[in-house]
Enquirer: 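Would you mind keeping the following structure in view while I ask a few things?
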Amino acid sequence: MKLTDRLYEEVKYIWNGYLEQPFVKELGEGTLREDRFRFYMVQDYRYLLQYAKVFALGVVKAEDEGLMRRFACMVHDTLDGEMDVHKIYMNRLGITEEEVAKTKTALANQSYTSYMLEVAFKGDILDVLAAVLSCAWSYQMIGEHHKNIPGALEHPLYGEWVRGYSSEEYVRGVEEIIDAVNEFGADISAKKEAYLKEIFLNCCRYERDFWEMAYHMNMGD
């Protein structure tokens with residue numbers, strides 16, 4: 001069993017709940033209120049700016065050019081892949097860059113990104129990868145589930161989101177992260193594996209809280 005399989009075993013009870021989160025469920029069904037999705041897009045855009053910095057710390061911590069390039073590609077996939085979809089939605093929903101800049105980061109969002117950055121700053125390559133894995137991998141899972149819901153891919157507002165997170169390009173990017181975790185985690189100690197499981201579990205909990213925050217449009221005030 002690979003390391004990522006063992007990590008998944010620790011959190012599958014949380015992942016099974018993602019599909020029942022009201023935001024995720026209603027997005028797939030096409031019944032999600034537009035104002036909730038708009039709130040999510042602004043907060044997720046702010047999230048992705050910090051998420052990209054976690055990958056960038058992988059570049060800083062890499063000891064060879066090949067690994068630096070792998071992390072640089074992950075930064076690119078975030079800033080010029082995921083964020084491109086967000087920018088399309090922002091234009092459609094009338095969200096300006098000025099609005100995004102002026103909007104505060106919700107407390108659940110800030111706590112999540114601060115945790116990832118702390119793990120990445122003080123840790124090694126594997127810690128960086130464990131911190132980003134939950135978001136990337138769970139979005140792929142949700143996208144692949146939603147694409148099988150009748151009409152989800154064609155939905156006039158949410159179809160592009162479903163297509164983006166179930167696309168071959170996105171799946172390849174996630175597989176790159178999974179492969180890297182398994183490569184660098186092949187011969188780790190039991191103590192190190194326990195720490196990675198803690199990171200992964202915490203990030204999965206933060207993902208759950210993010211969906212809750214988005215649905216209730218909760219800034220945490």
Side-chain angles (χ1 to χ4, degrees), residues 1-28 40 43-55 57-58 74 77-78 82 105-146 161-162 164-166 170-171 173-185 188 190-216 218 220:
M1 185 181 286
K2 295 180 179 179
L3 175 57
T4 51
D5 296 322
R6 299 194 297 274
L7 292 176
Y8 173 73
E9 287 298 313
E10 294 290 313
V11 303
K12 63 181 179 181
Y13 71 97
I14 297 177
W15 279 38
N16 290 337
Y18 287 157
L19 298 175
E20 296 304 317
Q21 291 288 135
F23 189 100
V24 176
K25 192 171 188 294
E26 292 179 15
L27 188 152
Y40 159 81
Q43 288 298 320
D44 202 46
Y45 191 89
R46 295 182 68 83
Y47 169 89
L48 286 174
L49 290 173
Q50 303 305 310
Y51 185 66
K53 292 179 184 180
V54 182
F55 286 114
L57 284 168
M74 293 173 191
D77 287 345
T78 302
E82 282 194 77
T105 302
L107 185 61
N109 189 359
Q110 185 176 355
S111 180
Y112 186 6
T113 55
S114 295
Y115 176 73
M116 286 194 298
L117 285 165
E118 179 188 6
V119 166
F121 268 117
K122 72 180 184 181
D124 58 19
I125 290 296
L126 257 178
D127 299 336
V128 173
L129 291 166
V132 297
L133 179 61
S134 173
C135 179
W137 197 3
S138 65
Y139 266 65
Q140 179 196 337
M141 179 272 289
I142 293 168
E144 291 183 343
H145 174 272
H146 280 10
W161 192 98
V162 177
Y165 288 109
S166 61
Y170 185 75
V171 171
V174 175
E175 287 176 347
E176 173 68 19
I177 300 172
I178 290 172
D179 289 345
V181 171
N182 290 324
E183 176 184 342
F184 292 102
I188 58 173
K191 182 178 179 181
K192 178 66 172 180
E193 181 169 330
Y195 179 58
L196 295 175
K197 287 177 177 178
E198 177 186 332
I199 295 170
F200 192 57
L201 177 59
N202 285 340
C203 288
C204 289
R205 288 169 172 158
Y206 274 123
E207 283 292 317
R208 178 189 59 200
D209 294 346
F210 197 99
W211 293 124
E212 282 292 313
M213 171 208 73
Y215 190 76
H216 297 289
N218 182 9

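These numbers come from the heavy atoms of this one structure, side chains and all, not from hydrogens, waters or symmetry mates.
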Enquirer: How about Trp211 and Leu27: do any of their side-chain heavy atoms sit closer than 4.5 Å?
Expert: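 A side-chain contact under 4.5 Å is absent here.
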
Enquirer: Given Val162 and Ile142, is the side chain to side chain contact (heavy atoms under 4.5 Å, CB included) satisfied, shown in steps?
Expert: CA-CA 8 Å; Val162 177; Ile142 293 168; over 6 Å; no

Enquirer: Hey, what's the ring geometry for Tyr112 with Phe210, parallel, tilted or perpendicular (30° and 60° as the breaks)?
Expert: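 Ring orientation of Tyr112 relative to Phe210: perpendicular.
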
Enquirer: Look up atom CD in Glu183 and atom NZ in Lys2, then write down how far apart they are to the nearest 0.5 Å.
Expert: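 These two atoms lie 11.5 Å from each other.
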
Enquirer: If we ignore hydrogens and angles and just use 3.5 Å, is the side chain of Asp124 paired with the main-chain N or O of Asp127 as donor and acceptor?
Expert: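 Answer holds: yes.
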
Enquirer: Describe, in one word, how the ring planes of Tyr8 and Trp15 are oriented to each other, choosing from parallel (under 30°), tilted (30 to 60°) and perpendicular (over 60°).
Expert: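 Tyr8 vs Trp15 ring planes: perpendicular.
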
Enquirer: Please evaluate residues Trp137 and Val11 with respect to the criterion side chain to side chain contact (heavy atoms under 4.5 Å, CB included), reporting the C-alpha separation (whole Å), side-chain torsions for both, the decisive distance (0.1 Å), and the verdict.
Expert: CA-CA 12 Å; Trp137 197 3; Val11 303; over 6 Å; no

Enquirer: Does any part of the side chain of Glu82, heavy atoms only, come nearer than 4.5 Å to the side chain of Asp77, both counted from C-beta?
Expert: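 With C-beta onward as the side chain, the pair stays apart.
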
Enquirer: Filter on salt bridge (Lys or Arg N to Asp or Glu O under 4.0 Å), then keep only pairs touching residues 202-214, sequence neighbours left out; what's left?
Expert: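 Every candidate salt bridge (Lys or Arg N to Asp or Glu O under 4.0 Å) pair involving residues 202-214 fails, so no pair, neighbours aside, qualifies.
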
Enquirer: When rounded to the nearest 0.5 angstrom, what is the spacing between NZ in Lys192 and CG in Leu196?
Expert: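 Lys192 NZ to Leu196 CG: 5.0 Å, rounded to 0.5 Å.
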
Enquirer: Tell me whether Thr78 contacts the main-chain N or O of Met74 through its side chain, where contact means a donor paired with an acceptor under 3.5 Å.
Expert: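 Side chain of Thr78 to backbone of Met74, a donor-acceptor pair under 3.5 Å: yes, one is there.
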
Enquirer: Could you tell me which non-hydrogen atom of Cys204 sits nearest to which non-hydrogen atom of Ile14, and how far apart they are?
Expert: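 Distance-wise, the nearest heavy atoms are O-CG2, 3.9 Å.
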
Enquirer: Quick one: pull up CZ in Arg46 and CG in Asn109 and give me the separation to the nearest 0.5 Å.
Expert: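 Answer rounded to 0.5 Å: 8.0 Å.
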
Enquirer: So, do Val174 and Gln140 sit near enough that their side-chain heavy atoms are less than 4.5 Å apart?
Expert: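 Yes, their side chains come closer than 4.5 Å.
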
Enquirer: Do Glu193 and Lys197 sit within salt-bridge range, that is, some charged N less than 4.0 Å from a carboxylate O?
Expert: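 Answer for the salt bridge query: yes.
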
Enquirer: Quick one: list whatever passes ring pair (Phe, Tyr, Trp, His ring centres under 6.0 Å) with Tyr170, sequence neighbours left out.
Expert: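 Expected list: Tyr165.
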
Enquirer: Using side-chain heavy atoms (C-beta onward) and a distance below 4.5 Å, is Asp5 in contact with Glu9?
Expert: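 Answer no - side chains too far apart.
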
Enquirer: I'd like to know if the side chain of Gln43 reaches the main chain of Ala106, judged simply by a donor and an acceptor atom lying under 3.5 Å from each other, with no hydrogens or angles considered.
Expert: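 It does hold such a pair.
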
Enquirer: Is it the case that the side chain of Asn182 and the backbone of Asp179 share a donor-acceptor pair, with hydrogens and angles ignored and the cut-off at 3.5 Å?
Expert: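 Side chain of Asn182 to backbone of Asp179: no pair is present.
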
Enquirer: Answer yes or no: is there a side-chain heavy-atom contact under 4.5 Å between Tyr215 and Glu26?
Expert: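 In contact.
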
Enquirer: Determine whether Tyr115 and Asn202 make a side-chain contact, defined as any pair of heavy atoms from C-beta on separated by less than 4.5 Å.
Expert: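 Of all side-chain heavy-atom pairs linking Asn202 with Tyr115, at least one is under 4.5 Å.
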
Enquirer: What residues form a ring pair (Phe, Tyr, Trp, His ring centres under 6.0 Å) with Phe200, not counting sequence neighbours?
Expert: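 So Phe200 forms no ring pair (Phe, Tyr, Trp, His ring centres under 6.0 Å) with any residue.
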
Enquirer: Please report the interatomic distance CD1(Ile178) to CG(Leu7), rounded to the nearest 0.5 Å.
Expert: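 Rounded to the nearest 0.5 Å, the CD1-CG separation comes to 10.0 Å.
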
Enquirer: Is it the case that the side chains of Trp161 and Tyr139 hold a donor-acceptor pair, with the cut-off being a distance below 3.5 Å and no angle test?
Expert: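 The answer is no; no qualifying pair exists.
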
Enquirer: Decide yes or no for Tyr206 and Ser134: does some side-chain heavy atom of the first lie under 4.5 Å from some side-chain heavy atom of the second?
Expert: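 No - every pair of side-chain heavy atoms lies 4.5 Å or more apart.
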
Enquirer: List the atom of Ala120, the atom of Val54, and the distance in Å for their closest heavy-atom pair.
Expert: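 Shortest heavy-atom separation between Ala120 and Val54 comes out as CB-CG1, 3.9 Å.
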
Enquirer: Between CG of Asp44 and SG of Cys135, what distance do you get to the nearest 0.5 Å?
Expert: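 Output value for this atom pair is 7.0 Å.
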
Enquirer: Applying side chain to side chain contact (heavy atoms under 4.5 Å, CB included) to Leu57 and Lys53, what does each step give before you reach the verdict?
Expert: CA-CA 6 Å; Leu57 284 168; Lys53 292 179 184 180; 5.8 Å; no

Enquirer: Roughly how far, to the nearest 0.5 Å, is OG1 of Thr4 from CG of Leu133?
Expert: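 One finds 7.5 Å between CG of Leu133 and OG1 of Thr4.
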
Enquirer: Nearest heavy-atom pair of Ala131 and Met116: which atoms, and what distance?
Expert: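 What the structure gives for the nearest pair is O-SD, 3.3 Å.
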
Enquirer: For the side chain of Asn16 and the backbone of Lys12, is there at least one donor-acceptor N/O pair under 3.5 Å apart?
Expert: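 Such a contact is found between Asn16 side chain and Lys12 backbone.
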
Enquirer: Side chains of Thr113 and Tyr51: closer than 4.5 Å at any heavy-atom pair?
Expert: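 Thr113 does not reach Tyr51 side chain to side chain.
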
